[in-house]
Structure formats: structure tokens, C-alpha cells
Amino acid sequence: MSTEPLPFLPFALPEIGEEEIAEVVDTLRSGWVTTGPKAKRFEAMFTEFLGDASLQSIAVNSATAGLHLALEALGVGPGDEVITTTHTFTASAEVARYLGADVKLVDIDPATLCIDPTKIEAAITPRTKCIIPVHYGGLACDMVAILAIAKKHGLKVVEDAAHALPTTLKGELIGTLQSDATVFSFYANKTMTTGEGGMLVTRDPELAARAKVMRLHGISRDAFDRFTAKVPSWYYEIVAPGFKYNLTDIAAALGLHQLGRARGFQLRRAELAAQYNAALAELPVVLPPQPPAGELHSWHLYAIRLAEGTRIGRDAVIEALFKDGIGCSVHYIPLHQQPYWRDRYQLRAEDFPQSQLAYERMLSLPLYTRMTDADVPRVVSSLRRALVD
Ligand SMILES: *Cc1c(COP(=O)(O)O)cnc(C)c1O
């Protein structure tokens with residue numbers, strides 16, 4: 001038997017091709033490295049990808065920035081409350097705090113790992129302004145229920161779609177639903193990447209106009225206009241204390257080609273997820289929530305939960321896989337467990353029983369397009385050794 005250890009299989013890796021590299025080099029040679037023609041093209045291409053010309057796509061340097069801009073444009077501020085899931089990354093919630101608003105965390109539905117719509121209404125108060133659903137792992141939330149609750153109570157909806165490119169709900173791509181805004185992430189480990197980056201998508205022209213101004217220092221004239229304008233470009237007006245959230249053309253150069261490959265990336269991820277589903281069927285684990293027939297799941301994450309009564313716990317499983325040269329992660333340490341959120345709102349694990357239970361048993365397995373067909377059986381063998389052999 002060979003004793004040669006297999007190379008380490010990281011938890012995540014981006015797939016950057018020669019086209020991306022050539023486009024970045026072209027940007028560097030062009031003399032225009034910050035926000036300019038490529039960012040503008042990337043925005044147009046994004047709207048085209050979503051297939052709805054009534055949408056505006058606004059490129060930003062992170063999804064966090066996009067969420068912040070969306071809430072700011074919706075007028076979220078001190079005295080307001082924003083509802084989101086506890087089972088998410090802190091960015092989904094911290095943006096409300098940037099604006100002085102408070103956060104109400106809600107438990108998940110264990111069948112989807114997304115916010116439980118039946119628990120949203122109990123969290124609504126006269127101060128509630130906005131709901132931020134998160135399409136956990138790339139599976140669409142129950143947006144029909146969430147949009148209905150928002151409508152009934154006069155609330156805004158900003159979708160955290162950091163995981164959800166491309167994901168569908170009833171055949172419609174996330175980004176094209178009737179929420180006020182949707183925000184995608186192009187962080188290094190997401191389903192497509194620009195290194196750092198994000199896209200704010202909205203069909204509300206006022207929200208779009210405000211976000212564009214606030215994206216770049218509160219300058220009333222778009223930086224893209226400054227690039228293309230035929231009139232002298234020195235004159236501008238500051239209308240608000242804005243932020244520095246514009247996406248560079250170096251990043252957009254990556255985005256132009258990554259977006260072109262997004263459908264193909266999804267197919268490969270779905271293929272790997274199906275391999276995992278089949279190979280894990282015999283093990284004492286709960287598979288990730290599956291999409292309804294005919295729907296796209298972006299498969300950003302492949303998060304399994306250990307069945308009750310496994311002989312070793314989650315931490316030990318991650319340790320065992322690591323010893324076999326396999327990287328794993330946990331999505332997420334719920335916000336109610338994080339010192340800042342726990343202490344600020346006196347949160348207790350008992351108040352979020354489903355998220356807590358999922359957290360204690362879950363781990364995310366490697367799932368990305370650069371994995372080979374041999375990688376899935378390798379991960380599953382390692383899991384089997386840890387859990388049953
Ligand atoms: C990655 C992520 C974000 C933040 O994305 P950035 O582009 O890194 O700002 C927000 N929400 C969720 C759920 C994420 O996974």
C-alpha cells in the first residue's frame with residue numbers, strides 16, 4: 001500500500017481561468033484600474049444575467065457594503081429594528097448597527113436552515129422596518145411567505161443573497177423577486193468571485209439613485225459618468241457624507257468572466273452535491289436541505305448534520321478529517337453565540353433551539369468546481385472512518 005499522503009484538500013478554492021487573468025492584465029495595461037468601463041459592463045452583464053431589464057445592478061466592493069447601502073437608502077436608522085436569522089454570518093446583521101438600528105434575531109426552520117417565516121411575525125414590533133432573509137447555502141428562503149408578511153406589516157425586504165448565485169424560487173432567479181433589494185457577494189469563497197466584491201440589485205429607482213451616490217462619498221455625479229463624460233470632469237457636488245464602496249475595474253475584470261461561467265459552475269457544484277448525497281446515504285448524517293424539483297440551488301455550501309447519538313461529536317469529526325488532509329468548516333456559529341450579539345441583546349441559546357441544535361451537529365464539507373470526481377469519495381471515506389468503521 002502506498003504511504004504517500006494525498007495533497008491537502010482545502011475547504012474552498014476559487015476557479016480563476018486564463019480569461020480572467022488576461023482581462024485583469026488588460027485592465028492593468030489600460031491605465032484605468034479603479035471604477036470605470038469594466039465595472040459598468042459588469043453591471044450591465046449582471047442585469048442581463050438576471051434577465052429582467054427593469055432591474056438596476058450596482059457594483060460594490062463587498063456584499064456587506066451592498067447591504068449597508070440598501071438599508072441606508074431605505075432610511076433605516078436609530079429607533080428602527082431589522083429582523084434577520086441568527087444562523088448567518090455577522091454581515092447580515094451588523095449593517096443595521098452601522099446605521100444605529102437594532103437587530104432582532106429569529107430562529108431557523110430545520111428543514112431549510114433558513115429563517116423560519118412562522119417566527120418572523122412574533123419578532124415584529126412597531127419599530128420593525130426591514131427583514132433581511134438569507135438564502136442559506138444557496139437554497140432559496142420561503143420568499144412567498146416572507147414577502148407576504150412584509151406586505152401585511154408594511155416592512156421592507158432586503159435579501160442577503162451572498163450564497164444565492166444562481167438560485168431560483170418557483171423558476172425565478174433570486175434577484176428578480178419583489179423585494180426592495182437583493183445583494184450578492186463575490187468574496188473569494190463564494191460561487192463566483194472578484195476577490196472582494198458584491199452587487200446590489202433593485203427595481204426601485206430611488207433606492208438605486210441613493211445607493212449610487214452613497215457608494216462614492218456622496219458625490220452627486222456617478223464615477224462612471226466622470227469616466228465617460230464629454231464635459232469637463234472636475235466639477236462635482238457632495239450631497240451627503242457617503243462611503244467608499246465602489247468596485248475597481250481590476251475586480252470587475254474578474255467578474256466579467258466569472259459571471260459568464262456562473263451557470264457552468266452551478267452545474268458542477270450540483271453534480272458534486274449529488275455525488276455527496278448518494279455516497280452519504282449510508283452514513284449517520286442528515287443531508288443538506290434539497291431544492292424542490294426543477295429549482296436551481298447554487299450549492300455554495302454542503303452542510304451536513306451528524307445524526308443523534310453518533311459515537312464522536314462534530315469537533316472530533318472535523319479533527320479526524322483534518323488529519324486525513326481534508327478541510328471543513330462550520331456555517332455558522334450562530335449570532336446568538338457571538339459575544340457582541342449575545343451580550344448586546346442578552347440572547348440565550350434556548351431562544352434559538354433549532355439554530356443551536358443545527359450548530360452543535362453541523363459541518364460544511366468541501367464543495368467547489370475545482371474538486372475532482374475522486375475528491376468526494378475521499379471525503380466520504382474519511383467521514384465513514386470517523387463515524388462508523
Ligand atoms: C459572505 C457573506 C456576506 C458578506 O459578503 P462580503 O462580500 O464578504 O461582504 C454576507 N452574508 C452572508 C450570508 C455571507 O455568507
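When a residue number appears, it is its place in the shown sequence, counting from 1. First listed ligand is number 1; within each ligand, the first listed atom is number 1.
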How close does the nearest protein non-hydrogen atom get to atom 15 (O) of ligand 1, and which residue and atom is it?
His163 NE2, 2.7 Å

So that I know where these two stand, are Tyr368 and Phe265 an aromatic pair - ring centroids less than 6.0 Å apart?
no

Give the numbers and elements of all ligand 1 atoms closer than 4.0 Å to a heavy atom of Val134.
13 (C)

Counting neighbours of NZ on Lys156 that are heavy atoms of other residues, nucleotides or ligands and sit closer than 6.0 Å, is the number greater than 12?
no

Measure the distances from the heavy atoms of Ser92 to every atom of ligand 1 and state whether one is below 4.0 angstrom.
yes

As an exercise, identify every atom of ligand 1 less than 4.0 angstrom from a heavy atom of Gly197.
7 (O)

Restricting to non-hydrogen atoms, name the atom on Leu9 and the atom on Met371 that form the minimum distance, rounded to 0.1 Å.
CD1-CG, 4.4 Å

Does only the side chain of Ala162 get under 4.0 Å from ligand 1, or the backbone, or both, or neither? Count heavy atoms.
side chain

Counting only heavy atoms not in Leu28, do more than 12 sit closer than 6.0 Å to its CG atom?
yes

of all protein heavy atoms, closest to atom 11 (N) of ligand 1 is Asp160 OD2, 2.7 Å

Taking only non-hydrogen atoms of Lys190, do any sit less than 4.0 angstrom from ligand 1?
yes

Top protein contact for atom 9 (O) of ligand 1, by heavy-atom distance
Thr64 OG1, 2.5 Å

Is it the case that atom CD in Glu360 sees more than 12 heavy atoms from other parts of the structure closer than 6.0 Å?
yes

So if you build clusters from Ile, Leu, Val, Met, Phe, Trp, Tyr with side-chain heavy-atom gaps below 4.5 Å, do Val286 and Ile318 land together?
no

Nearest-contact summary for atom 8 (O) of ligand 1 - protein heavy atom, Å:
Tyr187 CB, 3.8 Å

Taking the six-membered ring for Trp, are His87 and Tyr359 closer than 6.0 Å centroid to centroid?
no

Proximal atoms of ligand 1 relative to Thr88 (non-hydrogen, under 4.0 Å):
13 (C)

Looking only at heavy atoms, is any part of Ala63 under 4.0 Å from ligand 1, and if so is it the side chain, the backbone, or both, or is it neither?
both

In Arg370, Arg261, Gln258, the residue satisfying side-chain hydrogen bond (donor to acceptor under 3.5 Å, both in side chains) with Glu15 is Arg261

Ligand-residue contact atoms, ligand 1 with Ala91, heavy atoms, under 4.0 Å
4 (C), 10 (C)

Could you establish whether Tyr332 and ligand 1 come within less than 4.0 Å of each other, counting only heavy atoms on the residue side?
yes

Which residue, Arg361, Glu350, His336, forms the side-chain hydrogen bond (donor to acceptor under 3.5 Å, both in side chains) with Gln356?
His336

